[in-house]
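Only one structure is covered here, and it is reproduced in the block below.
The chains referred to below are lettered A, B, ... by the order of the sequence lines, with proteins before strands, and numbering in each begins at 1.
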Amino acid sequence: MSRRVGRRFFERPALEVAPDLLNKVLVAPGVAGRIVETEAYQGADDPGSHAYRGVTPRTEVMFGPPGHLYVYFTYGMHWCANVVTDRAGTPGAVLIRAVVPIRGIEAMRLRRSRARRDVDLANGPAKVAQAFAIDGTHDGIDLTGAHLGVSIRDDGTAPPAIPAVGVRIGLSKGQDLPWRFAVPDCAEVSRPHPTTGHDAR
DNA sequence: ACCGGGATGTTCT
DNA sequence: GAACATCCCGGTG
């Protein structure tokens with residue numbers, strides 16, 4: 001009924017993969033959810049990307065083969081999960097910014113105990129990581145091989161024909177690039193969407 | 001609803 | 001030592 005997304009899907013520029021990832025299903029042990037918001041970080045010349053400064057111990061995964069997970073730690077307390085895109089040697093990643101729970105919502109409520117409403121369970125990149133229990137131990141794992149039970153699946157739901165598009169969130173550099181994508185009029189989005197004017201909260 | 005600030009520690013200069 | 005691809009809480013209107 002659903003099939004795992006393969007390596008070829010990810011072996012493209014992040015700007016192509018990011019909108020195509022909308023409506024795909026993120027799966028981890030006991031939980032699953034539909035991806036509704038993504039951001040592209042593309043190439044060595046993207047000033048907003050961690051890869052902008054070149055290869056470091058942290059960004060090594062971004063320069064590696066596509067279809068792997070890039071997980072980073074930020075603000076001293078949050079993990080965020082990306083899918084590595086493009087061919088090895090060319091840095092690319094798509095940040096998973098929001099997910100709508102499909103399975104394991106009780107587990108997500110326990111992990112996200114501060115969320116007072118279900119809409120807040122995974123409507124932000126660090127919330128997604130917490131709801132899915134993704135952390136540094138998952139950095140670099142191969143999604144196409146479902147390592148540690150984490151994968152991305154296609155259940156037959158096509159990406160939106162015309163995704164909502166906006167600038168990326170939280171950057172001090174590269175903030176003008178319209179490289180954020182979302183399912184139009186979706187309530188579980190991390191921020192209001194410029195092109196639709198729709199607010200998640 | 002909107003806004004301001006604190007938490008907390010890794011990463012790279 | 002500064003920056004950080006965030007989140008949460010408490011203030012005010």
Inset, instruction - For the pair E11(A) (side chain) and R87(A) (backbone), establish whether a donor and an acceptor sit closer than 3.5 Å, ignoring hydrogens and angles. - result: no
Inset, instruction - Starting from I102(A), walk the hydrophobic network (Ile, Leu, Val, Met, Phe, Trp, Tyr; side-chain heavy atoms closer than 4.5 Å) and list everyone else you reach, by chain and number. - result: V25(A), V27(A)
Legend entry - side chain to side chain contact (heavy atoms under 4.5 Å, CB included) partner of L26(A), chosen from I35(A), L143(A), L21(A): I35(A)
Legend entry - Under 4.0 Å protein heavy-atom contact, by nucleotide of nucleotides 1-11 of chain C - B base, S sugar-phosphate only: ---BBBSSS--
Legend entry - Of residues 15-31 of chain A, the positions that come close to DNA chain C - non-hydrogen atoms, cut-off under 4.0 Å: none
Inset, instruction - Report the residues that fulfil salt bridge (charged side-chain N to carboxylate O under 4.0 Å, His left out) with D155(A), sequence neighbours left out, ordered by chain and then residue number. - result: R34(A)
Inset, instruction - Flag the pair D20(A) and R12(A) as a salt bridge only when some basic side-chain nitrogen lies within less than 4.0 angstrom of an acidic carboxylate oxygen. - result: yes
Legend entry - Residues that F10(A) engages under ring pair (Phe, Tyr, Trp, His ring centres under 6.0 Å), provided they are two or more places apart: none
Inset, instruction - Could you verify whether a donor N or O on one side chain and an acceptor N or O on the other, from Q130(A) and R112(A), lie under 3.5 Å apart? - result: yes
Inset, instruction - Look at the side chain of R168(A) and the backbone N and O of G174(A), then say whether any donor-acceptor pair between them is shorter than 3.5 Å. - result: yes
Inset, instruction - Answer yes or no: is there an ion pair linking E39(A) with R97(A), defined by an N-O contact shorter than 4.0 Å? - result: yes
Inset, instruction - Measure the distance from CD on E60(A) to C1' on dC12(B) and round it to the nearest whole Å. - result: 16 Å
Legend entry - Dot-bracket pairing map - DNA chain C, Watson-Crick plus G-U, both contacts under 3.5 Å, | cross-strand: ||||.|||||||.
Inset, instruction - Mind telling me whether F73(A) and W79(A) have parallel, tilted or perpendicular rings, with 30° and 60° as the class edges? - result: tilted
